[in-house]
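Since the structure comes first, as structure tokens, the remarks are kept for the end.
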Amino acid sequence: MIINHPLLGPRDSEEFVYLGSTDLINRPTNWEDEASAEDFYQYQYIRDNIAGDHQELWYHEQGDQSWLVVSRNTLTHEITNVELAQDVARTMGRGK
Amino acid sequence: MSQTNRKDGGLINKDKTLTFTFNGQILRGYEGDTLASALLANNQQLVGRSFKYHRPRGIVTVGSEEPNAIMEIGSGAYKEPNTRATVTQLYNGLEANSQNHRGPLSFDLMAITDFFSPMLGAGFYYKTFMWPKAFWEKLYEPAIRNSAGLGTLSTEPDPDTYDKGFRYCDILIIGAGASGLSAALTAASSGAKVILADEDFLMGGRLNSEKTKVDDIAGSEWAKNAVDQLSAMDNVTLMSDTTIFGVYDHGIYGALENRSSESRADSKKPRQVNWRIYAKRSILCAGAIERSIAFGNNDRPGIMLAGAVRAYMNRFAVATGKKVSVYTNNDDGWQTAKDLRSKGVKVVAVIDSRTISPVMGIQGAEIFMGTDVVDTKGRRALKSIKLSNGKSIDTDSLAVSGGWNPNLHLTCHHRGIPKWNEDIASFVPDDKAPPGMSVAGRAKGTMVLSDAIKEAHDLGSSVALELGFKSKNLKAASTPAVAYNVVANWGVPSGKNRAWVDFQNDVTAKDVKLANQEGFKSVEHVKRYTTLGMATDQGKTANVLGIGIMAENMGQTMQETGTTIFRPPYNPVAVGAFAGRRRGMEFYPTRYTPSHKWSEEQGAVFVEVGMWYRSQWFPQPGETHWRQSVDREVIQTRSSVGICDVTTLGKIDIKGSDVSEFLNKVYVNAFAKLPVGKTRYGLMLREDGMAMDDGTTARLSEDHFVMTTTTANAVSVYRHLQFCHQVLWPDLDVHMISVTEQYAQYAVAGPNSRKLLEKIVDSKHDISNDGFPFMAAGEISVCGGVPARLFRISFSGELAYEIAVPTRYGDSLMRAMMEAGEEFNVVPYGTEALGVMRIEKGHAAGPELNGQTSAYDLGMGGMVSGKKDFIGYKLGLREELQRSDRMQMVGFKPVNKSDLVEKGFSMAGSHLLGLREKPTTENDQGWISSSIYSPMLGCYIGLGFIKDGLNRKGEFVRAVDLVRGSDIEVEICSPHFYDPEGGRLRV
Amino acid sequence: MSDYELLPESPLGGVEIELDGFNITEVTDKSLVMVALPRDKYSDIESSIDKSCGLKLPEMEHSTESKDSSITLWRLQKNQVLAYFTYEGHDAESHLSSQLNAPAYYTDQSDTWAMIRVSGNRSRDVLERICPIDLSPEVFSVGRVSRTIMEHIGTIIFRDGDDSYVLLTMRSFGRSMLHAIEVSADNVL
């Protein structure tokens, strides 16, 4: 596969490491809350098994070492969008 | 007998004679021959025995689709079985041997299987060798493998080398026939970067095998001119003898380049290169492959495909017989009769199954329309054929054409499904070719050459234009339009005579019928049940014929029957070509530590740790067993001082104003208040609460930290930290960089370590116990101004330091420290002694951090902070992870200290059982994860996991190793075997 | 004065191999320092390095040179630039930071990398056996730099001339990379 890196252009997927769904960006912040155990459980384990467009995290280990959000169709491998995970995380409200 | 079938002309170089052997017989051919054409030139019709029935077989085709002429090429370790003679370029000294027969080829002892053929139909093996079950492996399978099968391996390591490579282009054109060349000419004229690949060593495709004129010159000459023109262009790469074998995601193509034109033993270059081609677009111009017709005894040597007969004549100047007949269901078959006639070869008959008027007159030939061939005679070579009208015709070469199948294989690699086209009685590509691939010419079903050329010509420029390149206004090559009419003919009733569909697998029309009758309706099931379309040719000449027979049997259309799924590779690819250079020591790269050269000089024994080579121990003269060396290294370190290269541990420099906050989020324990000049042990969890890695992190200045990781997890921890930073907390001011290789780092351990280091460290730095206490860290200088980092940390449990210098000084520092330590009897120690000392101290390492252990399980529950969020905090609190009866890490020591000493192996891997319990899974209480002989305690000791271990100290259990055979009583104890109070660290 | 003197050693002992149209040479006169760019100091740094050395921050996978050509900056990551400059001392970090005079974080990487220059008119033919990125002269122009993987080894490739490339691999992999280049040369030339 070839991943069209937002900063570097198309690169062979051999340079990358796959992690999983972008759900992993939404790490709960309410750790002090007793009830957050369930949120962390959902965060860690519960995923949809998507046959189709999937938002996933890839790491450009043998490149610029950026984490990317890749929109990939799991049936066709078509990649429709690639963004820096850092940018996506910020838009999702993550900061410090 | 010398090339009796050779005629004039052809694209061979008669000035260059090549000598080769076939089954030991010395034969001659010419430069430009394939092995197949040279054999035919020498009238060698019989070239092998069939897979199952050992029927005599001859050459059928002229390309990589060949089912019969597969041979062993070369000898000794170079022997390569199952090589297709039709694509093997002839070279001087080539050795070929036919395969799959016992005794001489002309009298195969195994041919007796042919007489039992009525018993050996489809599914015979499945039905017959079912019981008794035990017989399969010992009796049936070896016997079957011995009698059926293809060539044999040399069983020696492959002496050839292979390589791989990467190429980029805008447009990859697959196939360099009339269409491919036309597409390449327009595409290349645009300035786009073009790669043109063809599996033949001579580009030109069928133009080299036809008498067709293109632009008023011979087609082969036109092709040569086109190739010359393309090779002169900087933006074009020509890859002949290169098969595009697979289409992968996003425009990646697998291409296998052969170097078959020379004796492999004489060549220093890789035999094959497996290229990965990155192409923005591709144009498939793979042409078409001819198919046969199923009629009685249609497999005799001398019966070939009509296009092949013509190719041997036109390209190789070889007549396949003296009295040739043609059997066809389409116009193209007639071309063979015409071309042979024009070369003066006698054509005795043309038989056409269609009820139409003759397509042309063939001088001297009897013409039979609406007639079929129903039987043939001639055991080792064709003698005569029998027609449906009862007539017999003497002939030594029958050219058969059942029509042409577009070669659409590669369009299916992303699950394209071929569509049936009734007009040409063939499957054609659907519109689901892999993204970026377009198809032109016969591969697309455009069977008339002039149309194919125009189509490819236009496609070359339109594809270029899509990429922003404008082609020059070139004229498509002109050639007479020759109609192609065909009426499907899958076979004729042939009574008890077998009509072969798949020659390579010995599958007959009757086998297909039987499979259908037994309920195998899906084409995929019939393939597996009958083996139709398997093995090296993957049924390239057989599949459509088999599908036609199936469709007739089941009364359904060709489209309803459908094809099997075509998958890569298009042609067989040697495993060696996939392995490439990665053999032996080159399977992986090797990483050397800064002290490697010095260690080699000391005669160190090395161990692979991931890619690293580390010193395992340093044998001294007189030591005959590794334990002697390791015990000595431990004792000498603990009594005086030892040095160990620990460069392989991951080191990460972390800088920024938010680093301490960041560390707080990734470690279970608090780092926010770590003072400058101090280091701290830290444990990292995964989000699920399991231990991930551990190490120390030192604060060198307010905004500068240096973290260490284990050797094994150096890469994954760095990746995890980047995840935490970029994805979870992107606004923290944190900058990480690996400095693992920037510093050579040595552990200097033992009561005399400080004294040794005082001779190395520049005197302005106070490294006394007060000036540089336990867990101190700092940037210093050594040996008169060389910058260094010093950490007072200890894995061994002794007074110890780790000292780091820029790697350029690593070798030199090792030598300096050994010299400085001479007065203390300093000892270098390896990873074994390191392991012994860490187990004596009860430090968890790889075998304990196994992904299933929490901080609590490791006895580090007390370290876990409850006052902050960190990775793994919340899920680590889960009830299940807090239960006291989880497997917990404790120490184990034998009740009888001499246990295992004589056996000479440790408890590692032993399972833990109650004193009187049987060794069963139900009784299993845990296991020993790490165990060594402790020279300090004088017995084997171990770390391990047992249910509720922390509450069971003092209890006795058994450590049982059924594999190596030991069963000893052990006491559950603290994992801190040696100096549990830690006094030795702090002096 | 210390009793012991430490002698520096280059990763590949200064290897030099000359073949027909292809040369392999260890680069031993260069230092490398990673310059991390804090987000809020980005424009500060840009103006500082322009003022001090006439340097611009390069685009991704491109390089820029200081006015006197002694310092080259490689942009391999968004938030960091790697400075490649002529210097042989073991204090490259402080040397560079005083030259650039910019409020960045500096980390010495000189000893981290083995640097091998491959040059000659056959260099691209040899490199295409190990390098997965497109080295076509018009795509990977002089001054381009990229980080990728070759033969399982993370590698930086910098084109420092028409037919000249510098390959950088982690020091411990140096010998394996040298071997990979030599095998390619054997297979191709």
Side-chain angles (χ1 to χ4, degrees), chain B residues 161 163-168 193 268-270 273 276 278 581-582 586 588-594 611-612 647-648 653 655-657 703-704 731 733 735-744 759-760 762-763 782-787 805-813 815-817 819-820, chain C residues 1-11 32 34 36-41 79-80 90-94 104-114 125 127-136 138-139 151-154 169-177 179-180 183-184 186-188:
Chain B
T161 58
D163 204 356
K164 51 126 210 353
F166 305 88
R167 280 189 177 157
Y168 281 78
K193 219 177 151 187
K268 303 271 184 300
K269 298 298 176 204
V273 181
R276 181 181 295 190
Y278 298 86
R581 303 177 184 183
R582 302 205 204 295
E586 288 172 70
Y588 255 51
T590 309
R591 305 179 76 177
Y592 296 104
T593 64
M611 295 182 198
W612 287 102
T647 303
T648 62
D653 253 37
K655 290 175 179 166
S657 48
D703 57 4
H704 179 194
D731 289 343
D733 182 38
H735 304 268
M736 285 174 271
I737 185 161
S738 168
V739 290
T740 304
E741 303 247 8
Q742 178 67 21
Y743 295 96
K759 297 172 72 177
I760 296 291
D762 289 342
S763 54
V782 298
C783 300
V786 170
V805 291
T807 313
R808 70 184 76 175
Y809 298 114
D811 175 85
S812 196
L813 177 65
R815 292 172 200 273
M817 289 194 297
E819 201 183 322
Chain C
M1 221 18 231
S2 168
D3 293 341
Y4 304 95
E5 192 194 351
L6 298 186
L7 302 171
E9 219 180 35
S10 77
L32 290 162
M34 186 60 91
L37 317 168
R39 231 175 139 209
D40 55 346
K41 303 213 176 78
N79 306 315
Q80 295 180 328
H90 59 219
D91 55 348
E93 194 174 303
S94 53
Y105 295 107
Y106 299 86
T107 307
D108 197 343
Q109 291 272 286
S110 309
D111 293 49
T112 300
W113 302 88
D125 297 335
L127 286 174
E128 75 173 355
R129 295 296 173 96
I130 55 173
C131 177
I133 63 165
D134 189 359
L135 296 182
S136 316
E138 67 282 5
V139 175
E151 304 300 290
H152 284 297
I153 305 171
T169 66
M170 294 272 176
R171 184 180 178 117
S172 66
F173 285 110
R175 283 202 242 167
S176 289
M177 180 47 78
H179 177 74
V183 171
S184 296
D186 274 355
N187 286 350
V188 171

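Quick caveat: nothing in here was measured; it's all calculated off a predicted structure. Below, read A as the first sequence line, B as the second, and so on, with proteins coming before strands; counting in each chain starts at 1. The analysis underlying the following values was restricted to heavy atoms, covering all of them including side chains, and did not include hydrogens, waters or symmetry mates.
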Tell me, side chain or backbone of Glu586(B) under 4.5 Å from chain C's heavy atoms, or both, or neither?
-> side chain

Counting distance only, does the side-chain N/O of Glu5(C) pair as donor-acceptor with the main-chain N or O of Ala816(B) below 3.5 Å?
-> no

Output the distance between atom CG (Leu135(C)) and atom OH (Tyr168(B)), rounded to the nearest 0.5 Å.
-> 8.5 Å

Among the options Asn79(C), Val183(C), Asp186(C), pick out the one with the most heavy-atom pairs lying under 4.5 Å from chain B.
-> Val183(C)

Step by step, would you call Thr112(C) with Glu741(B) a side chain to side chain donor-acceptor pair (under 3.5 Å)?
-> CA-CA 5 Å; Thr112(C) 300; Glu741(B) 303 247 8; over 6 Å; no

Decide side chain to side chain contact (heavy atoms under 4.5 Å, CB included) for Ile130(C) and Arg581(B); before the verdict, give the C-alpha distance in whole Å, the side-chain angles of both, and the deciding distance to 0.1 Å.
-> CA-CA 11 Å; Ile130(C) 55 173; Arg581(B) 303 177 184 183; 3.5 Å; yes

Most chain C-contacting option - heavy-atom pairs closer than 4.5 Å, from Thr647(B), Asp762(B), Thr593(B), Val273(B) = Val273(B)

Asp91(C): salt bridge (Lys or Arg N to Asp or Glu O under 4.0 Å) partners, not counting sequence neighbours | none

Given the options Met177(C), Glu128(C), Met34(C), Gln80(C), which has more heavy-atom pairs under 4.5 Å with chain B than any of the others?
-> Glu128(C)

Taking all non-hydrogen atoms of both residues, which atom of Ser812(B) and which atom of Leu6(C) are closest, and how far apart?
-> OG-CA, 3.3 Å

The interface call for Ala744(B) against chain C, heavy-atom contacts under 4.5 Å, is neither

Starting at OG of Ser184(C), measure out to NZ of Lys164(B) and round the result to the nearest 0.5 Å.
-> 6.5 Å

Leu7(C) side chain near Arg815(B) side chain, heavy-atom distance below 4.5 Å = no

Aromatic plane relationship, His735(B) with Tyr105(C) - under 30° parallel, 30 to 60° tilted, over 60° perpendicular | tilted

Minimum side-chain heavy-atom gap Arg276(B)-Pro132(C) below 4.5 Å | no

For residues Glu151(C) and Pro589(B), report the shortest heavy-atom separation together with the two atoms involved.
-> O-CG, 3.7 Å

Measure the OG1-CZ distance between Thr740(B) and Arg171(C) for me, rounded to the nearest 0.5 Å.
-> 14.0 Å

CA sep, side-chain torsions, deciding dist, call: Ser172(C), Met611(B), side chain to side chain contact (heavy atoms under 4.5 Å, CB included) | CA-CA 10 Å; Ser172(C) 66; Met611(B) 295 182 198; over 6 Å; no

Chi angles and distances behind the side chain to side chain contact (heavy atoms under 4.5 Å, CB included) call for Glu819(B), Asp3(C) = CA-CA 10 Å; Glu819(B) 201 183 322; Asp3(C) 293 341; over 6 Å; no

Is any side-chain heavy atom of Arg175(C) closer than 4.5 Å to a side-chain heavy atom of Thr590(B)?
-> no

Among Asp163(B), Asp653(B), Val739(B), single out the residue with the greatest number of heavy-atom pairs under 4.5 Å to chain C.
-> Asp163(B)

So how far is it from Tyr588(B) OH to Ser176(C) OG, rounded to the nearest 0.5 Å?
-> 12.5 Å

Within a strict 4.5 Å, meaning less than it, do heavy atoms of the Val805(B) and His90(C) side chains meet?
-> no

Please round to the nearest 0.5 Å and tell me the distance separating atom NZ of Lys41(C) and atom CG of Asp733(B).
-> 6.0 Å

Is it the backbone or the side chain of Arg582(B) that comes under 4.5 Å from a heavy atom of chain C, or both, or neither?
-> side chain

Interface moiety of Ser110(C) toward chain B, non-hydrogen atoms closer than 4.5 Å = both

Residue part contacting chain C, namely of Met736(B), when any heavy atom lies under 4.5 Å | backbone

Residues in salt bridge (Lys or Arg N to Asp or Glu O under 4.0 Å) with Glu9(C), at least two apart?
-> Lys597(B)

Look at Lys759(B), His704(B), Lys655(B), Arg591(B) and state which one has the largest set of heavy-atom pairs under 4.5 Å with chain C.
-> Arg591(B)

Region of Tyr278(B) that comes under 4.5 Å of a non-hydrogen atom in chain C | side chain

